[in-house]
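Notes for the one structure printed next.
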Amino acid sequence: MTTQVLPADEAGIAEAARLIREAQPVAVPTETVYGLAADATSGEAVARIYAAKGRPSFNPLIVHVAGLEQAERIARFGAAARALAERYWPGPLTLVLPLREEAGIASIVTAGLPTIALRASAHPAMQGLIAASGRPLAAPSANASGRISPTKAEHVLDSLGDRIPLILDAGQTSHGLESTIVAVADGAVRLLRPGPISAEELGAVAVATPDRVIAPGQLASHYAPAKPLRLDAVEAGADEWLIGFGPIGGDVTLSAGGDLVEAAARLFDLLHDADRRPVAGIAVAPIPRDGLGNAINDRLQRAAAPRTEPDQ
Ligand code: TXA
Ligand code: MG
């Protein structure tokens, strides 16, 4: 695919919004780094973010919203979270909060977690795209997996050129450093990722001071099913629920047609669903180990592993 680069003006944003509504990912500037945005309510749109980034694993993504009103429809805000949002939004602060199940956010966005990361960016391009598409936008940094975060449209083109349809160009981002992430639970504020807003600043309005730093990717928080999980299964064993793929039908299927984007979009929903079935174990058909299939296999392997070590 050819990657178009358009100025982040009204016409560019209108074209980006059209692609978002067609479940395509689009690179868009924020005041921190460029993000690769997709409709957070569409599992397939979000799966295409992973496909484009070539990310070998599913990490929960930040969902970008216009502001507090839209955010409160997606997550539960207590007094501490509301105070932080009122003070720092729009801006480079991400809040991790309890997810409202009924909000319609695709489960691949949160990697099946009961919490969600929300951010209201001050950048007019991101704000314009949220307004024009009418969707909350999941967006990790717009770089290929393992590459550094992009602060210019050219960085995005270098790393994701030919893998995404459009980059909105608004020049250099102002912070060049990803947003500060804090988790707010029961009034306690914990710093998960340092960023442009310091822990000290946040302490000023936080009910409790941030007490620990967890580097991204080291969060022991990914969803794992409660039941034993068997991989590369060609048929269900006794008392097993089989999740199929391609030619292996199973009790349900990740994708009858063997489509990895569809499979990634359905993965967490089907694992949750399997946990609720009246059977002792879960089996999953083989998933090809290429492209998005690597991320799906990584997630399944973690879910199948003994639960002693935190996820990396
Ligand atoms: O500045 C930024 O934050 C940029 C721009 C594009 O908004 N985005 C960004 O996204 O850096 P990403 O996907 O590269 O980093 C998101 C981080 C990950 O470390 C992830 O583990 C954490 O947010 N995260 C997301 N949801 C979470 C959750 N429910 N609980 C804990 N951590 C979460
Ligand atoms: Mg990143």
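The basis for the numbers below is simple: all heavy atoms, side chains too, and nothing from hydrogens, waters or symmetry mates. Whatever order the structure lists them in is the order used to number ligands and atoms, beginning at 1. Keep in mind it's a predicted model, so treat the numbers as computed, not measured.
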message: Suppose the criterion is side-chain hydrogen bond (donor to acceptor under 3.5 Å, both in side chains): which pairs have a residue in residues 236-245, not counting sequence neighbours?
response: R230-E240
- request: Please indicate whether any nitrogen or oxygen in R119 is less than 3.5 Å from any nitrogen or oxygen in ligand 1.
  value: yes
message: Could you tell me if D269 and S107 have a donor-acceptor pair between their side chains, going purely by distance under 3.5 Å?
response: yes
Selected option - heavy-atom contact closest to atom 15 (O) of ligand 1, from H175, R193, E178, H123: R193
query: Quick one: which ligand 1 atoms are inside 4.0 Å of a heavy atom on G35?
result: 6 (C)
message: Please tell me whether F58 and I116 are part of a single hydrophobic cluster in this structure, the criterion being side-chain heavy atoms less than 4.5 Å apart.
response: yes
query: Side-chain heavy atoms under 4.5 angstrom apart, residues restricted to Ile, Leu, Val, Met, Phe, Trp, Tyr: same cluster for Y88 and V63?
result: yes
field: E31/R119 ion pair, N-O < 4.0 Å
entry: yes
task: Run the numbers on E178 and S141 for side chain to side chain donor-acceptor pair (under 3.5 Å), then give the verdict.
output: CA-CA 8 Å; E178 292 96 338; S141 49; 4.6 Å; no
task: Dump the intermediate steps for side chain to side chain donor-acceptor pair (under 3.5 Å) on S179 and T94, then the final yes or no.
output: CA-CA 6 Å; S179 62; T94 296; 2.8 Å; yes
- prompt: What do you reckon, does M126 put a non-hydrogen atom under 4.0 Å from ligand 1?
  reply: no
query: Are R289 and D232 within salt-bridge range, i.e. N to O under 4.0 Å?
result: yes
message: I'd like to know if R100 and E72 make a salt bridge, using a cut-off of under 4.0 Å between side-chain N and carboxylate O.
response: no
Interfacing atoms of ligand 1 (cut-off 4.0 Å, heavy-atom, P60): 20 (C), 24 (N), 25 (C), 26 (N), 27 (C), 33 (C)
task: With heavy atoms under 4.0 Å as the rule, classify the contact between T110 and ligand 1 as side chain, backbone, both or neither.
output: neither
- line: Listing protein N, O or S under 2.8 Å around the Mg ion (ligand 2) gives S141 OG
query: Hey, are E86 and R82 close enough for a salt bridge, meaning a charged N less than 4.0 Å from a carboxylate O?
result: no
message: Are more than 12 heavy atoms, taken from residues, nucleotides or ligands other than E235, located less than 6.0 Å from that residue's CD atom?
response: no
message: Under 4.0 Å from a heavy atom of T32: which atoms of ligand 1 are those, numbered in the order shown and with their elements?
response: 1 (O), 2 (C), 5 (C)
statement: Taking only non-hydrogen atoms of V96 and a 4.0 Å limit, the atoms of ligand 1 in range are 28 (C), 29 (N), 30 (N)
message: Considering A183, P29, S141, S179 one by one, which has a heavy atom nearer to atom 14 (O) of ligand 1 than any of the others?
response: S141
message: Only heavy atoms of T115, strictly under 4.0 Å: list the atoms of ligand 1 that pass.
response: 28 (C), 29 (N), 30 (N)
field: For atom 16 (C) of ligand 1, the option (of I62, V28, V109, N143) bearing the nearest heavy atom
entry: I62
message: Can you confirm, on distance only, whether ligand 1 has an N/O atom lying under 3.5 Å from any N/O atom belonging to T30?
response: no
field: Numbered atoms of ligand 1 (with element) below 4.0 Å of L192, judged on heavy atoms
entry: 31 (C), 32 (N)
field: I287, L300, I282 screened by side chain to side chain contact (heavy atoms under 4.5 Å, CB included) with L231, the one that passes
entry: L300
